[in-house]
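All remarks here apply to the structure that follows.
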Protein chains: 2
Amino acid sequence: MELRQLKYFLKAKELLNFTEAAAALYISQSTLSQQIKQLEDELQVPLFNRIGKRITLTEAGNLFAVYAQQSVNKASDGLQFIKDLNNLETGKIAIGVTYALRHVVTKALILFSSEYPKIQFEIVFGTSQELIQKLNHFELDVILTFEEIASEEHFKYQELFTSPMALVTSTETPFSNKKSISLEEVSALPLALPSNGFSTTQFINKAFKKDNLNPKVTIEINDIPTLLELIKTGNWHTILTKTTIENEKDLHAIPIKGENMTRTAMLISLKDVYEKKAVIAFLKILMENLAVN
Amino acid sequence: MELRQLKYFLKAKELLNFTEAAAALYISQSTLSQQIKQLEDELQVPLFNRIGKRITLTEAGNLFAVYAQQSVNKASDGLQFIKDLNNLETGKIAIGVTYALRHVVTKALILFSSEYPKIQFEIVFGTSQELIQKLNHFELDVILTFEEIASEEHFKYQELFTSPMALVTSTETPFSNKKSISLEEVSALPLALPSNGFSTTQFINKAFKKDNLNPKVTIEINDIPTLLELIKTGNWHTILTKTTIENEKDLHAIPIKGENMTRTAMLISLKDVYEKKAVIAFLKILMENLAVN
DNA sequence: ATAATCAATCGATAAAACCGATTTAGAAAT
DNA sequence: ATTTCTAAATCGGTTTTATCGATTGATTAT
């Protein structure tokens, strides 16, 4: 039994397709077949059912996968630990961000990079769901998003700050100087909203439904910069957390009245995996610079 | 990084002597040297200090050993777990049963559990259709039911025994001592039947239709224990396979006359999927104890 | 029926693990 | 200081094995 074989097995388990798994592992399908077979021979039990050309996990395969994953994880934790120890000068930080929180990350990124210029970054923008999936696949070290309804046991959560939901409108519009605005007033305006995958949209739609309001949503779009362009024309308005349009010159955010009309920005990472030193240092800088806001 | 290298490293760490460690691992000293070096190259840090001809662990080596040991342990735990699974020391059996055959299962269950107390059971009662659906979704290992009209190609069937269709009636009723009874006689009695999802009901309704009989069905119910309660009052009678009321004190089963008035109890499982050792052992006990009936 | 898909298998090749012999160098003994 | 001893590193060659491409066989999709 070797880590190589365990990794092969886990990828095959994930994709339930030897051909695709082999491609993902950059090996040939025949190699994968052979290595899986070898592992099965050693365990003296099949890990997969071969039903025709489809494969499914056996009971043994399903149970063994837990140990295989842990073994692989421990080894990779060890590797990561050493990398960090070596020199806080190598390593890569993979961070996922919802678009609304981009300013938080960019600010920290600039500061951190001047202090530790050799650390590589991978910044992934996406919806909360996309990011959480990547986190679960060990593709990200940490994600920065708004609070989720369902908190999961294997995640570590850390609150950063709260930001009110706000009507975002061009500075040109007549009511752009209002201090606050009610949901009912908002529902009467022509709206362009982020598409349904965005948690902000899910959040605000719930609020509309609760108050029996029928907002006039004329546009749904899954790209925030484009959305903001549209808003700047003054023809539409949108609803975002206030923090989303920090540093946007021609836009104004009017907080929406009502309780629970704030969202909490959070750091989410996986429990029980080794925390990279570089990530810890980066988050330290990130959090220190929240206070300045 | 491979488990082999981690094991070599851990033995070297333990003995702090490459020559001895190599001997303990049944490899040559040169191989050990090379493999350790390869590991160090991958980690980009020395694991051992070579002070003259003596070796000591570096800080990195000491810290890395923790992860290496955990990784190796998890792999060997997985191996051990599979061994246990093969020896019926662990594992789970999911079995689906139609209510009529509960006694067959409970009897086997009691015997099996005393021999293999560590095996978990999930017993699911339901109609044939429900159970077959679960079997197809890999939620059950095997189901115990009566023969189906449509036999499917991807199932494996095994006959157990036959049981006559019978009029089930309270021991108090005047004709409870009859040796057998015709369908026509039955159709004149007030009947309470299992609801239409039950294969027994489908079976008997077909027989009525064939003989152009109009049974007096006053109650349909989808819970057999409750049905039996009603029958015990003597106000209604029902039709079930004889085996259903085995061990029921106050009820009597009168076989119904006619050919094809018997049903065959069967084991149904999926072809081509790995059969759990525990399931094989359980079915063996189950079948051995049919003969005693 | 026909084509497409996928896992298993086969034979050949490249990679790597391994060994024995030798070298290097520190430690111990003279 | 020289020699001897010991243990790790290194070298060259051998064996093992991981890998690949091509093919087969079986199943699914068209």
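Taking the centre of each ring, A/F121 and A/F282 come in below the 6.0 Å mark.
In this structure, CD in A/Q38 is found 12.5 Å from OG in A/S33, a value given to the nearest 0.5 Å. Put simply, OG1 on B/T31 and CG on B/L25 are 10.5 Å apart, with the number rounded to the nearest 0.5 Å. Separating the CG atom in B/N49 from the CD1 atom in B/I55 is a distance of 9.5 Å, to the nearest 0.5 Å. Remark: A/L140 CG to A/S269 OG distance equals 11.5 Å, nearest 0.5 Å.
You can see that DNA chain C meets the heavy atoms of chain A within a 4.0 Å-exclusive cut from C/dT5 to C/dC10, reading 5' to 3'.
Between B/F155 and B/Y157, the ring-plane angle classifies as perpendicular under the 30° and 60° cut-offs. Between B/F64 and B/F9, the ring planes lie tilted relative to each other; the angle falls in the 30° to 60° range.
For B/N73, the side chain to side chain donor-acceptor pair (under 3.5 Å) criterion is met by B/Q69, not counting sequence neighbours.
For B/R263 and B/F203, the positive end sits near the middle of the six-membered ring, less than 6.0 Å away and at most 45° from its axis.
In this structure, A/L25 places its CG atom 10 Å from P of D/dC20, rounding to the nearest Å. Rounding to whole angstrom units, CG of residue B/L47 and P of D/dA8 are separated by 15 Å. Here the P atom of nucleotide D/dA7 and the CD atom of B/E20 are 8 Å apart, to the nearest Å.
Non-hydrogen atoms lying under 4.0 Å from DNA chain D are contributed by nothing in residues 3-16 of chain B. Annotation: proximity of residues 30-39 of chain A to DNA chain D (heavy atom, distance under 4.0 Å) is found for A/S30, A/T31, A/Q34, A/Q35, A/Q38, numbered in ascending order.
Taking 4.0 Å as the cut-off between side-chain N and carboxylate O, A/K156 and A/E275 count as a salt-bridged pair. The pair B/R50-B/E40 meets the salt-bridge criterion, with a side-chain N (NZ, NE, NH1 or NH2) lying under 4.0 Å from an Asp/Glu carboxylate O. Ionic pairing of B/K134 and B/E130 is not present here: no N-O contact between side-chain nitrogen and carboxylate oxygen is shorter than 4.0 angstrom.
Side chain B/Q29 to base D/dA7: no donor-acceptor pair is found below 3.5 Å.
A/T19 comes within 4.0 angstrom of sugar-phosphate atoms only, judged by non-hydrogen atoms across all strands, and of no base. If you check every strand for non-hydrogen atoms under 4.0 Å, B/Y26 touches sugar and phosphate atoms only.
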Side-chain polar contacts of residues 90-98 of chain B - donor-acceptor pairs under 3.5 angstrom, sequence neighbours left out - could you list them?
{"from": "B/T98", "atom 1": "OG1", "to": "B/L144", "atom 2": "O", "distance (Å)": "3.4"}

Just the atom pairs and distances: protein N or O near nucleotides 28-30 of chain D's N or O, under 3.5 Å.
none

